[in-house]
Amino acid sequence: MNTVMDLSGKVAVVTGSGRGLGLAYAKALAHAGACVVINDVDDDAAKDAVRQIAEAGGTATSLVAAVGPAHVADALVTKAVDEFGRLDIMVTNAGILRDGVLWKMSDESFDEVIDVHLRGTFTCARAAANRFREQGDGGRLILISSPAGQLGNFGQSNYAAAKAGIVAMARTWAMELARANVTVNAVIPVAATEMTKTLPAFAPFIAASESTGAPLPGWIRRDEALGTVEDVAPLIVFLASEKSADVTGQAIGIGGDQLALWSHPKVKIAVYSDGGWTAADIAAAWAAEVGAEPEPFGIPSPQVPEAHV
Ligand SMILES: NC(=O)c1ccc[n+]([C@@H]2O[C@H](COP(=O)([O-])OP(=O)(O)OC[C@H]3O[C@@H](n4cnc5c(N)ncnc54)[C@H](O)[C@@H]3O)[C@@H](O)[C@H]2O)c1
């Protein structure tokens with residue numbers, strides 16, 4: 001079950017891979033044999049990531065730059081080609097949070113998040129797609145989304161919009177790049193990282209696990225699908241491998257003990273009125289049929305078992 005998938009000869013870029021999930025993805029890809037370009041805004045973290053991979057017998061180099069603009073995406077692809085001769089896998093993972101409810105969110109907070117997540121995913125994927133098409137032998141775009149993009153999340157207009165947009169781009173590019181044998185999937189991870197470890201419901205359990213080295217409690221791993229970054233990395237290796245050659249256009253969740261396929265939006269119920277609808281007719285149809293079972297929204301609050309409250 002734990003057989004390493006062989007990625008020898010493959011070259012990957014992982015954005016935001018100086019720490020957290022990105023570092024785990026880079027290490028797992030290198031462990032499977034891929035050469036990896038580490039990218040981060042944090043110079044020390046990027047250097048340390050390269051050192052850790054080399055010490056474990058892998059091959060990596062780094063490029064310190066803030067993902068977002070096209071020239072950074074182009075530089076990442078150039079780095080992969082100059083150092084390792086080609087590019088096979090682009091993982092768009094770099095991310096930041098700038099939370100705030102709508103009426104308090106500044107233009108700067110909105111733009112910063114959109115720039116790193118949405119534009120950064122677009123520019124890096126475009127640069128990779130151009131290279132894949134030139135090489136002519138396929139490729140892998142692995143885009144990192146979030147439950148917030150699927151469900152909405154309080155205080156995260158910017159982040160939820162960016163992460164929802166990333167899934168929409170994955171579906172679009174899966175169509176556009178199918179003929180080039182490039183698969184495009186969105187990953188919806190959940191893991192204890194700098195980004196999540198202060199969430200009030202989980203903070204004490206994550207802190208205890210970090211200080212004792214004991215695993216997170218079973219209910220967090222299973223019911224909340226929250227585990228370590230290492231729990232998420234095997235999905236990236238699978239999506240990078242030949243084993244996933246026919247997996248594309250999907251939004252795949254992973255965290256703790258859970259692996260999940262997210263459904264795509266589709267029309268749930270449709271009713272018809274010859275010649276169109278008046279507002280009054282819509283009100284009646286909403287109450288009687290169309291709106292009888294409205295869709296839920298928002299990430300459900302964690303359910304901490306009685307024994308742990
Ligand atoms: N941790 C989770 O549970 C979770 C859940 C859903 C989605 N995600 C997504 O996974 C990705 C990684 O999250 P994480 O929890 O490891 O976060 P993290 O904060 O631990 O790591 C993010 C890394 O990205 C780097 N970074 C930030 N801006 C950058 C930029 N412009 N260019 C290059 N690097 C940049 C940071 O320096 C950091 O090393 C993010 O896209 C995040 O939105 C995480």
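For ligands, and for the atoms within them, numbers begin at 1 and follow the listed sequence.
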Applying a 4.0 Å heavy-atom criterion (strictly less than), which segment of [X] is in contact with ligand 1: side chain, backbone, both, or neither?
X: D40; result: both
X: V116; result: side chain
X: A65; result: backbone
X: N93; result: both
X: T193; result: side chain
X: S145; result: backbone

Only heavy atoms of [X], strictly under 4.0 Å: list the atoms of ligand 1 that pass.
X: Y159; value: 6 (C), 7 (C), 8 (N), 9 (C), 42 (C), 43 (O)
X: V190; value: 3 (O)
X: H117; value: 41 (O), 43 (O)
X: A66; value: 30 (C), 31 (N), 32 (N)
X: T196; value: 1 (N), 2 (C), 3 (O)
X: G20; value: 16 (O), 20 (O)
X: A191; value: 1 (N), 2 (C), 3 (O)
X: I144; value: 9 (C), 10 (O)

Taking the side chain from [X] and the backbone from [Y], do they hold a donor-acceptor pair closer than 3.5 Å?
X: N153; Y: P147; answer: no
X: D42; Y: A45; answer: yes
X: H117; Y: I96; answer: yes
X: N93; Y: G16; answer: yes
X: N39; Y: L63; answer: yes

| query | For R19 and ligand 1, does the shortest N/O to N/O distance drop below 3.5 Å? | reply | yes
| said: For the 3.5 Å polar cut-off, considering only N or O atoms, please tell me whether I96 and ligand 1 meet it. | reply: no
| note | Note: heavy atom closest to atom 17 (O) of ligand 1, options K197, M195, K163, belongs to M195
| remark: Check: of V67, D42, V64, min heavy-atom distance to atom 31 (N) of ligand 1 comes from V67
| Got L29 and K10 here, is their nearest side-chain heavy-atom distance under 4.5 Å? | no
| query | Is any side-chain heavy atom of T198 closer than 4.5 Å to a side-chain heavy atom of I206? | reply | no
Please write down residue, atom name and distance for the protein heavy atom closest to [atom].
atom: atom 27 (C) of ligand 1; result: G95 O, 3.4 Å
atom: atom 24 (O) of ligand 1; result: G16 CA, 3.5 Å
atom: atom 33 (C) of ligand 1; result: N39 OD1, 3.3 Å
atom: atom 5 (C) of ligand 1; result: P189 O, 2.9 Å
atom: atom 16 (O) of ligand 1; result: L21 N, 2.8 Å
atom: atom 35 (C) of ligand 1; result: A94 CB, 3.7 Å

| said: Tell me whether E293 at atom CD has more than 12 heavy atoms from other residues, nucleotides or ligands lying less than 6.0 Å away. | reply: no
| message | Between E176 and R171 (salt bridge meaning N to carboxylate O under 4.0 Å), is one present in this structure? | response | no
| task | Determine, for E295 against K268, whether the closest basic-nitrogen to carboxylate-oxygen distance falls under 4.0 angstrom. | result | yes
| field | M169 reachable from I142 in the ILVMFWY side-chain graph, under 4.5 Å edges | value | no
| Verify same cluster id: L143, I188 (apolar side-chain graph, 4.5 Å) | no
| Which residue, T248, D88, L141, D137, forms the side chain to side chain contact (heavy atoms under 4.5 Å, CB included) with V182? | L141
| Below 6.0 angstrom between ring centroids: does that apply to W219 and F205? | yes
